[in-house]
Protein chains: 2
Amino acid sequence: MKKDISTEEKILDHAGQIFKMKGFSGARMQEIADSAGINKAMLHYYFRSKKMLFDKIFENILDDFQQNIIITLNDERSWENKLTALSEKLYMFVYHNEDIPIFLFNELHMNYNFFSEQLFKFKEIKKSSFFKQFMSEMKKGNIIKTDPLQVLVHIFSGIIFPVVAKPIISSMGDLNDKQFDQFLLERKKIVPEIIIQYLKNTGV
Amino acid sequence: MKKDISTEEKILDHAGQIFKMKGFSGARMQEIADSAGINKAMLHYYFRSKKMLFDKIFENILDDFQQNIIITLNDERSWENKLTALSEKLYMFVYHNEDIPIFLFNELHMNYNFFSEQLFKFKEIKKSSFFKQFMSEMKKGNIIKTDPLQVLVHIFSGIIFPVVAKPIISSMGDLNDKQFDQFLLERKKIVPEIIIQYLKNTGV
DNA sequence: CCATAGTTTAACCATTTGGTTGATAAGTTA
DNA sequence: TAACTTATCAACCAAATGGTTAAACTATGG
């Protein structure tokens, strides 16, 4: 009856790393087993198939990502502070999980229809208090007339994209890893500033 | 002596499509052959190995992408018009090649060191006339003090990222394909506006 | 202390996959 | 037309890969 959770967690942990690095089709079951220091049959014992193992991991990562966003957009702050906090959150997230964004987008791209259910949770974002605040301020004339989704995507793009395109951007600017980190840090500051300034520019 | 180019091009064409859709490790040589309507041995006859076939295709795509950018940044316009033109160019590029960005970034991510030579060409961007114009205007005080690479990355992020993250963004906004296209079209307009306005805001 | 359920392993299996081969066809040249 | 090069194909191969199995080990509760 005893459920030794350590093996199962070990699998999730190591499989996660390998899937993130190599994607679904690039990852090998044997490699995951070796990495976790267990027998390959254990993978099937706990998760039945490669696909099922992958799905569990993918869902966890997607949830984690979405939760990070939704919490920030729903807490108690002004809309400006939410945008700044969102930049900060996304920055921290990508800084500590450099390969998650590209992994997520790539797997979603290759298997769009399959994951469509899992994507439903992102609809919550539209219902977040950020959207309500934003619309309200817009009506009052304190914010330029804009689609709030565009605003969020400005932040997502501005912070997440550089990590996704890191090899190309590093090459463009001839940046080593340390310089790239600095570049990203600077963006975290500048991106919300630009957007907020633009949105408040109602008089012109 | 006659070089029948049609088979070779057929391979490049169909292999390109499949690699872009499934990535290197997800693509199958047999599938490529079937798609091109030729025998699998032909793939090896013309390109020796999967990797070599892939590399040729990858290089072409990367070149194409880089050329698009460099030409725009080097032609005869003001820096503002270059940013607007760059948005337009990138928009057209991603609109007609929806799966290229994620393909490029993913393969670069999975095999960073290997492609590092191919990335050298992106260093040209720093030498483009855009950078010179920008620095010059900055000295004159017509532009707020900013790293021009950050400015370019604003544009890249703003236009390319939405395509990369299309499944998630579509889900957030509950957009169908047509609505997403509209969303992207709107961004093409708004993104350079925001940046340019920010850069010119020197007096405040 | 043993019966039972859960856990782990080595060996195995069927299929897929990238790649090869040897023969054959189709141009090209002289 | 004969010699030669280039292009194409069906059949084949060895290795890799996801998955299975049957036996062994471990723990725990009665």
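By convention in this document, chain letters (A, B, ...) are assigned in the order of the sequence lines, proteins followed by strands, and residues within each chain are numbered from 1.
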Exercise. Between the base of C/dG19 and the side chain of B/K50, is there a donor-acceptor distance below 3.5 Å?
Worked result: no

Exercise. Just checking B/A33: base, sugar-phosphate only, or nothing, at a heavy-atom cut-off of under 4.0 Å?
Worked result: nothing

For this session: For D/dT8, take OP1 and OP2 only and decide whether either is under 4.0 Å from a side-chain N or O of B/T7.
Result: yes

For this session: Please figure out whether A/A41 or B/Y45 has its closest DNA chain D nucleotide nearer the 5' end.
Result: B/Y45

Seminar exercise, completed: Of the listed C/dT9, D/dA10, C/dG19, the closest approach to the B/H44 side chain comes from C/dG19

Exercise. Is it true that the NZ or CZ of B/K56 lies under 6.0 Å from the centre of B/F47's six-membered ring and within 45 degrees of the ring axis?
Worked result: no

For this session: With heavy atoms under 4.0 Å as the rule, sort B/M42 into base, sugar-phosphate or nothing.
Result: base

Exercise. For B/F120, is the NZ or CZ atom of B/K123 found under 6.0 angstrom from the centre of its six-membered ring and inside 45 degrees of the ring axis?
Worked result: yes

Exercise. Starting at NZ of A/K22 and ending at C1' of D/dT17, how long is that distance when rounded to a whole Å?
Worked result: 14 Å

For this session: Could you tell me the separation between the NZ atom of A/K51 and the C1' atom of D/dG18, rounded to a whole number of Å?
Result: 15 Å

Problem set entry | Spacing between B/D34 atom CG and D/dA10 atom P, to the nearest angstrom | 11 Å

For this session: Could you tell me the separation between the CD atom of A/Q30 and the C1' atom of D/dA15, rounded to a whole number of Å?
Result: 14 Å

Problem set entry | Donor-acceptor pair between A/K188 and A/S87 side chains, under 3.5 angstrom | no

Exercise. Between atom OH in A/Y46 and atom P in D/dG19, what is the gap in whole Å?
Worked result: 18 Å

Problem set entry | Nearest listed nucleotide, side chain of A/I38, among C/dG19, C/dT9, D/dG19 | C/dT9

For this session: Let me know the distance between CZ of B/F47 and P of C/dG18, rounded to the nearest Å.
Result: 16 Å

Problem set entry | Donor-acceptor pair between A/K121 and A/Q67 side chains, under 3.5 angstrom | no

Exercise. Separation of B/N39 atom CG from C/dA25 atom P, in whole Å?
Worked result: 15 Å

Problem set entry | Shortest side-chain distance from A/M29, nucleotide among D/dG19, D/dC9, C/dA10 | D/dG19

Problem set entry | Atom pair distance, as rounded to whole Å: CZ in A/F54 and P in D/dG19 | 14 Å

Exercise. Does a donor on one side chain sit under 3.5 Å from an acceptor on the other, for A/N201 and A/Q197?
Worked result: no

Exercise. Between C/dG18 and B/R28, is there an OP1 or OP2 to side-chain N/O distance shorter than 4.0 Å?
Worked result: yes

